[in-house]
Every structure is written in structure tokens, then in C-alpha cells.
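Start at 1 with the first residue, then count along the sequence. Counting starts at 1 for both ligands and their atoms, in listed order. Because only heavy atoms are used, hydrogens play no part in the values below, and waters and symmetry mates are left out as well, while side chains stay in.
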Amino acid sequence: MESIKVFAPATVANVVCGFDILGFAVNEPGDELIMEMTNKPGVNIISIEGDEGKLPLDPAKNTVSATVISLLRYLGKEGIGLNIKLKKMMPMGSGLGSSSASAVAGLFAANELLGKPLSKLELLPFAMEGEALACGHGHADNVAPALFGGFTLIKSYEPLEVISLPVPKLYCALLYPHVDVPTRDARQIIRSKVLLKDAVTQWGNIAGLISALYTQDYDLLGRSMKDVIIEPIRSILIPEFDRMKEMALGNGALGFGISGSGPTVFSLFKSADAAQKSLQEMKQMLAQQGIESNIYLSEINKKGPIVL
Ligand code: HSE
């Protein structure tokens with residue numbers, strides 16, 4: 001195989017109560033990437049569409065090429081030539097795991113072209129390196145669901161242990177308000193210490209959420225999507241957060257919260273119609289305040305990256 005076209009999905013990290021340890025993938029949005037083998041050794045970014053010129057084309061600085069270079073080095077295949085064309089089909093710096101989707105697309109494509117020498121689990125540390133390059137911290141709660149699809153639990157970082165969780169039928173409503181909240185800043189405003197009473201509440205909610213996924217208990221899922229540690233601080237950066245939450249829950253959302261580090265917000269629904277209605281209401285309310293937004297409605301993505 002000389003050339004391949006792949007898709008990798010956006011992801012919702014944290015899932016409200018699981019800061020840095022929980023995430024899930026969605027079918028829409030996501031990134032597309034074309035990778036071609038060439039005779040000239042080295043990894044090159046030929047073009048990037050949809051990034052408004054913001055991403056570096058320098059192969060050492062671009063997250064996609066840097067992770068692929070790292071993979072080739074590990075495999076002892078530095079003599080191979082790879083040309084990359086990236087099509088960004090989601091907003092960057094939005095809390096939708098944009099850099100993760102691109103890195104996963106690149107690693108998945110390279111691994112396929114080379115005859116699948118590594119498993120998805122073995123690709124994960126390379127994707128985490130990309131995350132560290134993109135936002136200064138190598139968390140796995142975007143890259144793991146982007147790679148594996150579905151709901152993913154990062155049980156431990158050292159050693160790295162990832163568990164794929166059951167996926168009940170759910171619709172995810174995503175709204176990206178056009179305000180700037182870089183992941184680096186959104187991480188810096190969080191307190192590094194938590195009160196024991198808050199930790200106890202949070203442990204209960206995480207355990208409840210995991211249990212709800214296994215038992216498909218939608219009420220328990222909703223009752224567990226509560227965050228007493230991160231959301232109270234980060235939500236200040238998101239305009240009309242409380243009003244959007246009221247609107248989503250009023251329309252039957254099981255739970256509502258910040259997607260990753262924001263500013264995108266997400267909610268989970270049993271009904272696609274209710275999810276669509278909630279998105280339209282929130283979008284309209286923000287527009288009245290002069291804030292543009294993108295909305296997406298999708299089921300949970302179960303596959304991760306795919307060959308197109
Ligand atoms: N867990 C990370 C954070 C995800 O909340 O900072 C970033 O998308």
C-alpha cells in the first residue's frame with residue numbers, strides 16, 4: 001500500500017467528573033489525513049487545510065509529523081519517506097481534542113502503511129507525546145478514546161493502563177462558543193490541592209458513572225455527571241455556562257459539562273430530537289449575546305480512527 005486516507009474522531013475528555021482519566025469519542029467532528037509513501041526519506045507536511053494557517057508546517061514542530069517521526073525512529077524505519085496532507089474539520093483549541101485527533105490520524109495512517117507493526121495500545125504513548133507537544137501536558141483522556149473509540153478510562157498513568165468501557169446508546173450534543181480558552185491556561189487556573197470532602201464526592205461520582213455505563217442505568221449516569229472540583233473554576237471562562245446547563249437539563253439532558261478544558265460544552269441525551277432542540281436553543285441564546293457557535297450532534301463513536 002503506497003497511500004492511505006484516514007479519519008480520526010474528536011473526543012470529550014473528563015466527562016464531567018473524571019478529570020484526566022475519562023473520555024469518549026464522537027462521530028462528528030473529526031480530522032481527515034492522507035499519507036503517501038515516497039522514495040525520499042523523511043516526514044513532510046505537504047498541506048494543512050482548515051487551520052487558518054495556524055499550525056506549523058515544520059515537521060519537527062507539527063504535532064502530527066513529530067509523533068510520526070518518533071514512531072519511525074522507534075521502529076528503526078527512519079529511512080522511509082512519508083508525505084502528509086491534513087484536513088482539519090474541527091475547531092482548534094476548542095476542547096474537542098483537535099490535536100489528539102490529528103496525532104491519532106497520523107499515527108494510525110503510518111502504522112497501517114507499515115503493515116500494522118504496533119497495536120493501538122502501543123501507539124498510545126506516541127500520541128501522548130504529541131499531546132505534550134501541543135498543549136504542554138501529556139494527558140491521555142483525549143488520545144485514548146480517539147484511538148480506541150468508545151468510553152475510555154485511564155486507570156493509571158504510571159504504568160499506563162487503559163480500560164475500554166461499555167457504550168450505552170447515547171446522543172452527544174456539542175456546542176463550541178467562539179471564545180478563546182487555551183488548554184494551557186485552563187490547566188493553570190485549576191487548584192493543585194483538593195479538599196478531602198470534595199475528593200470523596202468526586203470518587204463517588206466517578207464510580208457511579210462507570211457503574212452506570214456497565215449497567216446502562218441512565219438515571220445513575222445523570223446523577224453521577226457532577227464535578228465539584230474543576231467545573232466551578234473553569235466554567236467562569238465560558239460565557240453563559242449556567243444558563244446553557246439549565247437549558248440542556250430542561251430539555252432532558254442526562255448531564256451537561258465542559259468538554260475537556262473547554263470552551264466547548266457537551267451534554268448526553270437519550271433522544272436525538274431533544275438533543276437537537278437543546279442545541280438550537282443554546283445557539284440562539286448565545287447569538288442574542290453576540291456570540292457565534294458551532295453545534296454538532298453525534299452518537300458515541302465506537303471505532304476510533306478508520307480507513308476511508
Ligand atoms: N483532561 C484535560 C484537561 C483534557 O481537562 O485539561 C484537555 O482537553
Side-chain angles (χ1 to χ4, degrees), residues 8-26 29-31 55 63 67 88 90-105 124-125 127-148 151-158 160-163 165 172 174-177 179-194 198-199 202-203 205-206 209-210 225-238 241 255-267 294 296 301 304:
T11 42
V12 172
N14 301 336
V15 200
V16 181
C17 53
F19 179 69
D20 276 358
I21 62 155
L22 270 179
F24 64 82
V26 289
D31 281 350
L55 294 176
T63 310
T67 53
K88 296 251 19 120
M90 70 169 104
M92 298 184 303
S94 57
L96 286 165
S98 165
S99 53
S100 302
S102 299
V104 164
L124 185 57
M128 287 170 69
E129 261 180 50
E131 199 70 319
L133 185 68
C135 63
H137 187 268
H139 51 269
D141 50 344
N142 288 112
V143 282
L147 252 180
F148 294 101
F151 278 87
T152 314
L153 168 69
I154 321 302
K155 193 263 167 207
S156 133
Y157 275 87
E158 287 177 18
L160 187 59
E161 195 177 339
V162 175
I163 299 171
L165 301 167
C172 176
L174 294 164
L175 182 144
Y176 162 54
V179 292
D180 202 23
V181 181
T183 298
R184 272 172 215 266
D185 297 355
R187 288 191 81 88
Q188 272 165 9
I189 63 162
I190 301 167
R191 291 190 201 101
S192 58
K193 293 192 174 140
V194 296
D198 290 340
Q202 203 86 349
W203 292 324
N205 284 331
I206 295 163
L209 194 153
I210 303 289
M225 285 175 67
K226 306 227 159 74
D227 173 11
V228 295
I229 297 175
I230 311 290
E231 184 180 293
I233 297 170
R234 277 187 172 168
S235 59
I236 296 162
L237 302 172
I238 300 171
F241 181 86
F256 173 96
I258 304 170
S259 175
S261 57
T264 296
V265 291
F266 83 101
S267 33
N294 297 12
Y296 309 92
N301 171 307

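- Remark: the backbone N or O of Gly260 is paired with a side-chain donor or acceptor of Asn14 at under 3.5 angstrom.
- For the ring pair (Phe, Tyr, Trp, His ring centres under 6.0 Å) test, no residue two or more places apart in sequence or in another chain qualifies with Phe148.
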Which pairs of nitrogen or oxygen atoms, taken one from ligand 1 and one from the protein, are under 3.5 angstrom apart?
unit_1	atom_1	unit_2	atom_2	d
ligand 1	1 (N)	Asn14	OD1	2.9
ligand 1	1 (N)	Asp20	OD1	2.5
ligand 1	1 (N)	Asp141	OD1	3.3
ligand 1	1 (N)	Asp141	OD2	2.7
ligand 1	5 (O)	Asn14	ND2	2.8
ligand 1	5 (O)	Arg234	NH1	2.7
ligand 1	5 (O)	Arg234	NH2	3.4
ligand 1	6 (O)	Arg187	NH1	2.7
ligand 1	6 (O)	Arg234	NH2	2.9
ligand 1	8 (O)	Asn142	OD1	2.9

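- Residues Phe266 and Tyr296 place their aromatic rings such that the two centres sit no closer than 6.0 Å.
- Closest heavy-atom contact between Ser261 and Val181: O-CG1, 3.8 Å.
- Minimum heavy-atom separation, Ala140 to Met128: CB-SD, 3.8 Å.
- Counting all heavy atoms, side chain and backbone alike, Ile233 lies closest to Arg191 at CD1-NH1, 3.7 Å.
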